Structure formats: structure tokens, C-alpha cells
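Written out below as C-alpha cells is the structure these notes cover.
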Amino acid sequence: MNYEFAAIEKKWQKKWLEQKTYAAVTGDPRPKFYGLVEFPYPSGAGLHVGHPRPYTAMDIVCRKKRMQGYNVLFPIGFDAFGLPTENYAIKNHIHPRIVTEQNIKHFTEQLQMLGFSFDWDRVVDTTDPSYYKWTQWIFLQLYKKGLAYKATMPVNWCTSCKCVLANEEVVEGVCERCGAPVVRKEKSQWMLKITEYAQRLIDDLDDLDYIERVKIQQKNWIGRSTGAQLRFQSSAGDAIEVFTTRPDTLFGCTYMVLSPEHAFVKKWEPLIKNYAEVQAYVDAAARKSDFERTELAANKEKTGVRLDGVVAINPANGEEVPIFISDYVLATYGTGAVMGVPGHDQRDWDFATKFGLPIIEVVKGGDVTKEAFILKDDTGIMVNSGFINGMTVKQAIPAMIDWVEQQNIGVKTVNYKLRDWVFSRQRYWGEPIPMVNCPKCGWVPLPESELPLLLPDVENYEPTDNGESPLAKMTGWVNTTCPHCGGPAQRETDTMPQWAGSSWYFLRYMDPHNDEELVGRDAIKYWHQVDWYNGGMEHTTLHLLYSRFWHKVLFDIGVVPTAEPYQKRTSHGMILGLNPHSFVNLSEQEQAELVKKYGSEDSAKRHLVEQFGEMADHPIVKMSKSLGNVVNPDDVVQEFGADTLRVYIMFLGDFEKAAPWQTSAVKGCKRFLDRVWNLAERCSDSMEHTPANEMSIHKTIKKVAEDIDAMKFNTAIAAMMSLVNDYYANGCTKGDLHTLLLLLSPFAPHMVEELWEQLGFAAREGKMACEMAWPVFDENKMVEHEKEIAVQVNGKLRSTVKVPADCDDETVIAAACADEKVQKQMQGMTLVKSIVVKNKLVNLILKPEKQLHLDK
RNA sequence: GCCGGUGUGUUGGAAUUGGUAGACGAGGCGGACUCAAAAUCCGUUGUUAGCGAUAACGUGUGGGUUCGAGUCCCACCACCGGCACCA
């Protein structure tokens, strides 16, 4: 009986598919469990080894949950709108729909090849009109709630391609494809008011079972800060509003800065004597590419122009302060204007130093002539600050807020870094936005009855020269009638971003074929929310936040019963590859040759860095085509089988951390499965457990179950390997194997089913292994009657002794002192103290007899 | 700069959360089987000294707390990830 994995895997995959073994049943009386993985973008390259890591992990969790009696929903689908497909279509003149269909077919085959227990009847495809109908429907609800609005926003414009780029296509300020600088261009765009939900998106994290780093990253991204909004009177008559987190430093404000885009700049034109100079600065700032802006930020070199002819009044001390414009003040954060407090803000200090502005110390302790003084805590003492002198910063902040509110020149307020979601893309391969622009009525939503608004076929998928979506050229589609007045009107030609379809897909899985509703009442009532969602850290701030936002909106309008979509969120580490250019990854021969050629190992390494860049210093790097270190799962399955790939990918390291792929280590896992397979011929017919294995079996049941729940798959597998080693050492029975197969079933489902069948368990139980109940452990069988106790003398391990389990301290100490090795240590010493840790360890504290006398 | 994380044998990684460091793999070495090789099975494998029992050292560095520290505290170094002129 040979382990012919290729045939075995195919056989069971076919059977599972035909029998719909893993179908979830809406309304089933068993407790439900909804496990979710991020659905893939079906790229032309096919599945990458990165995909199976989270998929196998959740597959194991879900398979175990099924065995534990849950009705499990474990779905998969395809997030198929997006740029790579569109770019491929542009290049090869193939309709993106055809490319998408091909890619989905390929992905489906690959996913099935790996034996994931997805419910294949619930597959969703975001590009399917029956799906995006509901994506559009949600947009209409957002619009109705006033959460979608049109605004003129800067977009990324590639100066060479002459087209609009998504943020993801801009890498370090240049176009990802052609490398030309990217500048900002104003464009009217649909925006979603995610900022209105900022506070709830922070607050509701408290009740969720998300791993801590996800919560922290989301909170940082939303970037809440509390402070005050203050009003400065200006000689122009307008009051300048600023936001500050440090109202206590108001007495130290010696100037003000507006962002170049601030509305007052233009408004005050007649008053500004040096307006030409100001205008030139504003123009230059607008022309600056993102790249130049970030460069400047790094250099900390501040630029700016004083508005000659206008001044402001510091409300704290009534003094006149000059007003500047500078691009270090962002138009998009706070009010687009700041008060300059050079004594206690490094950027302000840099600016004030450059422009020769006064620097006032208002918090004692530093030397503001040398640098800004910033305390991490709020214990600093106020000076030069009128009525708050002598207070700590902690006391001064509320005191100042009280004062400005009394004077009616400011209020306590909160600001967020989070900005509204730019929802328009000037692209073809996305969901059409169901809005019509009527010259009489303005923007009018399409009636829900007209959904889905189908994406029309176009001849050319390239964006137009002026940055319009290719849809703009489809005049037959664009020109329509106003749903409101019936007059001639035009459709929105921008499409939705890729994040749209993935913001609610988990709901559609609950009821994927419903034509009447996004998700049926019964289905949502039964499945409720996702119990466990695993995905990459790279989606923490965009996808995860966007989908939480949409879910809250759907909750507010009564479509879903929970305010949060996912109860639990975990995250996996990336799979990295070995850097073929790194010295340590070269073969001994290659290393020797290089050392010979360049004289020493150090100069050989230096040569590699010169040749391949700094990355050559890093032996473990991201997989990339250019390095040629990409591992294709197909090849691994071909050579070792899907079960081996699954076990290896779970064994290679801590699931939450990045881990390098090492092809050489895969065979260790193959060997493990072979050893399990070979046990079938070695085992005796008894269904009883081998007495010598009994304890290990029960301990392993406990360990594997706990480790799966904690996503410590690597140690779960190690425990099973140990058990197999025990079986080899002690011999094993069919009964021993029966238990092992059940534990291994979530990890290596194909091989387990085959053995299960061949050993006659399938016939005997009338079930596949994956349909069996998860084994239970017996605490009593895990009790050891004798314990090996570590004996330390003065904290150093000297020996071990065996004592009865749970015996009292005196027995342990007596046994320890009787030990030969300990006796040696005790010569000339007196036992002054002993510490016993039950069933584990005893530490004997000895002192020389002489010294003991001296002590007295 | 800010936030988060990591640092353990030749190597991927374990360590019940303060209690026998190196589980389980990979690689190496030795043996069995074989005409031979592969596969398989059985040993062995942190470093140094010693024939040996054993001893000393050992979890990035330096201090500290403790009967006892990979684990806790302080300072530092290196690397990884995220954000970044956010007022």
C-alpha cells in the first residue's frame, strides 16, 4: 500500500465536491460558526504561496469546528474588479470580463487542489451584475443618508501617462509604471463621509476580539486628538480659526501660518502688499509633486512668505503677530491654519529661526534658544503666561480652555487624521456609480428598480487624455434622462474603487443568490456576523476600516442586526523568500569562489551589495519575480502533495509572524505524513489504546485542540509528530491510529480520509473522518503518578529526582537531599532554606558552615 | 521623529507566562538494511575543557530585582512593519 498522494487527493476532492460535504445550512439547529478569509483578487499569475497560509489556517479552524458539532459557514469568492485586469485588457485588447472569467477558473482549480473546505455553492464574484447590483444599492443608501457627496479634490496625475492614478499606483511620489513625477490635479469626485463615523470606529473596537496590534493601528490611522479651536482676530476683519492640542502655550504664540490653499489668502488680495510674491508661492506649492513635498519634509527646511499688510492679534496678551503662508501647514487637517509656538514645537521653532521671529519660553525647563522644548508628560510648569503662570501643563490646558470659552474666542474640540473616502475612480473595470447629473435637478440617484446599472462594453479601456473614465466616450450610455424631471441628463462616468465590493462581501455569502435583498432577513438573523476573520495586516487600515464603516451604516438603516461585522480578527505573517544574492544563501562553493576572487569574506559581501543593491545584505526578503525566489504552490503540490504543503505551511513558524519559505524543510513534513501512512501496516488490530501511548494520546488531544484555537498550528503539528514518534517507539494499535487520524484530519484531510477508509473505519463508523466528532481527552488518563523533579542547589540545576506526584514538600526535600549529586554539593554546607514548586522543582539554598558562624 | 514588533544552536523555530533553555523539524555525524544507491529504521548532535563521571559558559549588549530571569525593571544596540510637516 503506497501513499499515492496525487490520486488520493483527487479522489477525495471529487467526492467532497459531489457530496457537498462542506455545505453550510442556513437555519440549522446546530450552533453556527462563520469563519472568513479575505477573498483573493484573481490575478493572471495565479495563486501565490502567500495565499495558502491564511486559507489553510482558517480551514483547519473550520474543519475542527465542524467536528465539534458546529454548522460552519466557510465561504470563498473573488474580488475581481481592479487595475491589473484592466491594464492587461488595455495591453492585449481583451475584454476584462473574459480575463476575469479565465482567472477565476484557474484560481478555483488551484483552491480546490489544496483541499479547502469551502462551500462552493456560495461563491461570490464582485464583478457579477447580480452582486454589484447590491454594491450600487448600498451607494444609494449612503447618498440618501447624506454620506455620499461630490467634492473637488486633488487627484494623482501622472505627467507622462497623462492619466489619473490610484494612490496605490503612486510609489514615493512617482508613477509606479513609468517613473514620471506625479502631481496633484483638482477633480470633482464622489466622497464618502467616513469621518462622521470616526468616533464610533474607535469606540466600538473595545468590545471586539481583535488582536491588539490591529486595534492600535486602526486607532493611529483614525488619529484622534483633543484640543481647542481658537479664534484670532486679524486686521483684515476675518477671524482666523486654528486647531491646537496645546492651548496652554497660547501666550507663546508669536506668529500664525495659513496653508497656501487657505481661502483667506485670495480673499485678502487687496490688503496684501506683496501679493505677487504670495501668489508665486501658492502656485509653486500647487505645482509641487508629492515627491518634492516629502523630500522637503525630510529635510525640515521650512519655506514661506509673510502676508505683508495683514496681522493677527494673540487673544491671550493682545499682541500683534505676523501672518505667513507655508506649505508645512496642511490644508486638509484641522482648519488649515496654525498658531506658531516656536518655543515648544520643533517645526515652529525651525520656521521661526529661519524667519527671525521671537521665541518665547512658556513651559519651564528647556533652552528655547537652542531647540523647541517638548516634554513627553504634562508636568512642565507654565511661565510668561499671565494667569496660568505656575500651573502644570496638565492644569493649564483645562484652565485655558475654560478661559477661551468664557471669552467666547474658542471651544474645546476633537480632530481626526482620518479623511473622507475618495470614492471615484476614472477607470473602466469597476462598479458604475448609479448617479445621474441633470442640468435642472443636479445630481439625482438612479431609482433602486433600475439596478444593476450595467457596465457597458467599450472599445478602448484606456483612460482619456483629460483624465475621464473610458465610459465618458460611450455617449449612448452617458446620455440618459433625469429620473426626477425626465429631461436630458448625463450619467456619472467614474466607477467605484476596488474597496467597494469587498466592503460588504461577507454579508452576501450568507445568502448569495437572493435577488430581492442584499441579504435575506432569515439568513442575516441566523448567521448574524462573522465570528472569526483572518487576514493580512496590510488590510488593517483600508479594507477593515471601510467595511466596518459600511456595516455601521447598514446597521443604522436596519439592514443588519450588529454594529460590527467581525467579532474576531486575527492576522497572519507574510511568507518570505531567501535572497539568492545574499552571501549566506550562496552555496559553500560559490562563497569560496567569491572569497578567493575578492580576497576576504567582507569584500565579497561588499561586492554583492554593489552589484545587487543594499538588499543583498538581507538574507530573507519578500518574494519577488525579479529575485526569482517566488515559490509556486502548484509545483509543491506536484512534488509533495497538497497535504504536505498544508502541513508544512502551518509548521514553518509562528502563524502571526513573517516566516521564510525553505524548500529543503518541506520534506520533513512529507516524511511525517509518510510515517503516519506507514503506521497502517505496523499497527495491531486492537481498538484499545496501547497502554504506553495512553497518556501521550490524551495530552496530544488537549494540546492540538488548544493550539488550533490559539492559532499555534506549528506546535500542534509538533505535538502530533511526537505522538507518531511514540507510536514507533511503543508500537501502536488501530485504536491509537483512530485517534491520531481524527486529530490530523483538519491538517491533512486527503490522506486521513484515505487511511480512514482503508483501515475500515469509514465502514465501521459510517462516516468520513471529517464528519466524526472531535476526540475528547480524559484528564484522569493524563495524570502521572511519578514526577521528575528538578533539583537546584543555589539556583543551579544539579540533578533530578523522581517522587510521587503531588507529594508534600518534606518528601521532595528529603528525596533531593538523598540524591548522590546533591550530597556532594552539600559537603561542608548547611541547608538554610528550600523552595519547592509542586511537581516541578526544588531549590536548596546552601551556605558554607563557617560563614554561617560568622553571620551569627 | 511617533506607534507597534523582533533579537534563542549550523538552520526554521519551541519553552506551560518567573521554575530542568533548545520541544518538533531541517542539516551534520554514526549505525542497521542493501551488491550499491535511494528510501526506511535506530542512535547522536549548544560551546569549551576532559578518556570519563563531570565542570564552566550559554537566549543582541550593559546593569538591576529575585532562592531562581529567554521571560520582569532600567539604559543601550541592531533589524522588521506601519504612520509621518497631523499643529
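Note that this is a predicted model, so its numbers are computed, not measured. Quick note on labels: first sequence line is chain A, next is B, and so on, each numbered from 1.
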> Should the pair Lys302(A) and Phe351(A) be classed as cation-pi, given the thresholds of under 6.0 Å to the six-membered ring centre and 45° from the axis?
Replying inline: no
>> Do the side chains of Lys702(A) and Glu706(A) get close enough for a salt bridge, i.e. N-O under 4.0 angstrom?
In response: yes
> 5'-most contact on RNA chain B: Met339(A) or Thr541(A), nearest heavy atom basis?
Replying inline: Thr541(A)
> What is the base-pairing partner of G4(B), counting Watson-Crick and G-U wobble geometry with both distances under 3.5 Å?
Replying inline: C80(B)
> Does the base of C85(B) carry an N or O that pairs as donor and acceptor with the side chain of Lys302(A) under 3.5 Å?
Replying inline: yes
> Should C24(B) form a Watson-Crick or G-U wobble pair with both distances under 3.5 Å, which nucleotide is its partner?
Replying inline: G12(B)
>> Would you measure the distance from the C1' atom in A15(B) across to the matching atom in G64(B) and give it in whole Å?
In response: 24 Å
>> I'd like to know if Glu788(A) and Lys840(A) make a salt bridge, using a cut-off of under 4.0 Å between side-chain N and carboxylate O.
In response: no
> Do the charged groups of Arg53(A) and Glu656(A) touch, with an N to O distance under 4.0 Å?
Replying inline: no
>> Students often get this wrong, so: under 4.0 angstrom with heavy atoms, is Asn843(A) touching a base, only sugar-phosphate, or nothing?
In response: base
>> If the threshold is 4.0 Å, N to carboxylate O, is there a salt bridge linking Arg246(A) and Asp248(A)?
In response: yes
>> Please report the distance, rounded to the nearest Å, between NE2 in His572(A) and C1' in G5(B).
In response: 17 Å
> Roughly, in whole Å, what's the span from CZ in Phe232(A) to C1' in A87(B)?
Replying inline: 12 Å
>> Just to be sure I understand the rule, does Gln792(A) reach a base, reach only the sugar-phosphate, or reach nothing, if contact means heavy atoms closer than 4.0 Å?
In response: base
>> Counting the atoms with a prime plus P, OP1 and OP2 as sugar-phosphate, which does Lys667(A) contact under 4.0 Å by heavy atoms, base, sugar-phosphate, or nothing?
In response: sugar-phosphate
> Syn versus anti for U40(B), judged by chi lying within 90° of 0?
Replying inline: anti
> For Ile717(A) and A26(B), what is the distance between atoms CD1 and P respectively, to the nearest whole Å?
Replying inline: 13 Å
> For the pair made of NZ in Lys215(A) and P in G5(B), what is the distance, rounded to whole Å?
Replying inline: 15 Å
>> Distance check needed: C83(B) P versus Asn220(A) CG, whole Å only.
In response: 11 Å
> For A75(B), which nucleotide is its Watson-Crick or G-U wobble mate, given both distances must be under 3.5 Å?
Replying inline: U61(B)
>> Counting the atoms with a prime plus P, OP1 and OP2 as sugar-phosphate, which does Glu212(A) contact under 4.0 Å by heavy atoms, base, sugar-phosphate, or nothing?
In response: nothing
>> At less than 4.0 Å, is any side-chain N or O atom of Arg675(A) found next to OP1 or OP2 of G25(B)? Yes or no.
In response: no
> Whole Å only: how far is the NZ atom of Lys796(A) from the P atom of U66(B)?
Replying inline: 19 Å
> Between C67(B), G82(B), A87(B), which nucleotide gets closest to the side-chain atoms of Ile835(A)?
Replying inline: C67(B)
> Which one, G12(B), A23(B), A26(B), comes nearest to the side chain of Thr715(A)?
Replying inline: A23(B)
> When rounded to the nearest Å, what value does the distance between P atoms of A87(B) and U17(B) take?
Replying inline: 41 Å
> Do the side-chain N and O atoms of Asn839(A) and Asp806(A) include a donor-acceptor pair separated by under 3.5 angstrom?
Replying inline: yes
> For Asp345(A) and G1(B), what is the distance between atoms CG and P respectively, to the nearest whole Å?
Replying inline: 16 Å
> Of all the choices, G12(B), C41(B), G4(B), which nucleotide is nearest to the side chain of Phe651(A) once you look at every atom?
Replying inline: G12(B)
> Which whole number of Å gives the distance between the C1' atom of C33(B) and that of A39(B)?
Replying inline: 11 Å
> Just checking Leu841(A): base, sugar-phosphate only, or nothing, at a heavy-atom cut-off of under 4.0 Å?
Replying inline: base
> When you measure from the centre of the six-membered ring of Tyr728(A), is the NZ or CZ of Arg675(A) under 6.0 Å away and within 45° of the axis?
Replying inline: yes
> At under 4.0 Å between heavy atoms, what does Tyr416(A) touch on the DNA or RNA strands: base, sugar-phosphate, or nothing?
Replying inline: nothing
>> Classify Ser225(A) by what it touches in the nucleic acid, base, sugar-phosphate, or nothing, heavy-atom distance under 4.0 Å.
In response: sugar-phosphate
>> What contact category does Thr245(A) fall into here, base, sugar-phosphate, or nothing, at under 4.0 angstrom with non-hydrogen atoms?
In response: sugar-phosphate
> Of Glu788(A) and Ala718(A), whose closest RNA chain B nucleotide lies nearer the 5' terminus?
Replying inline: Glu788(A)
> Can we say Lys670(A) and Asp674(A) salt-bridge, meaning some charged N sits less than 4.0 Å from an Asp/Glu carboxylate O?
Replying inline: yes
>> Over all strands shown, is Arg419(A) touching base, sugar-phosphate only, or nothing at heavy-atom distances under 4.0 angstrom?
In response: base
>> Any side-chain N or O of Lys712(A) below 4.0 angstrom from OP1/OP2 of A15(B)?
In response: yes
> Within the structure, does a side-chain N or O atom of Arg798(A) lie under 4.0 Å from either OP1 or OP2 of A55(B)?
Replying inline: yes
> Base, sugar-phosphate, or nothing for Asn725(A), non-hydrogen atoms under 4.0 angstrom?
Replying inline: sugar-phosphate
>> In whole Å, measure the gap between the P atoms of G30(B) and A37(B) for me.
In response: 13 Å
> Phe324(A) vs Tyr255(A) aromatic rings, parallel, tilted or perpendicular, using cut-offs 30° and 60°?
Replying inline: perpendicular
> Nearest-Å distance, NZ (Lys838(A)) to P (G68(B))?
Replying inline: 23 Å
>> Roughly how many Å apart are G18(B) and C74(B), using the P atom of each and rounding to a whole number?
In response: 16 Å
> In terms of side-chain heavy atoms of Met721(A), which of C83(B), G25(B), G82(B) is nearest?
Replying inline: G25(B)
> Given the P atoms of G22(B) and G9(B), what is the spacing between them in whole Å?
Replying inline: 14 Å
> Which is true for Asn714(A) with a 4.0 Å heavy-atom rule: it touches a base, it touches only sugar-phosphate, or it touches nothing?
Replying inline: sugar-phosphate
>> If the cut-off is 4.0 Å, is Lys821(A) near the phosphate of U54(B), judged by side-chain N/O to OP1 or OP2?
In response: yes
> Which of these nucleotides, G4(B), C42(B), A23(B), is closest to any side-chain atom of Tyr728(A)?
Replying inline: C42(B)
> Within the structure, does a side-chain N or O atom of Arg671(A) lie under 4.0 Å from either OP1 or OP2 of U40(B)?
Replying inline: yes
> At under 4.0 Å between heavy atoms, what does Asp348(A) touch on the DNA or RNA strands: base, sugar-phosphate, or nothing?
Replying inline: nothing
> Which whole number of Å gives the distance between the P atom of A36(B) and that of G31(B)?
Replying inline: 13 Å
>> Can you tell me whether the base of G9(B) sits syn or anti, using the 90° cut around 0 to define syn?
In response: syn
>> Measuring only the P atom in each nucleotide, how far is A21(B) from G12(B)? A whole number of Å is fine.
In response: 22 Å
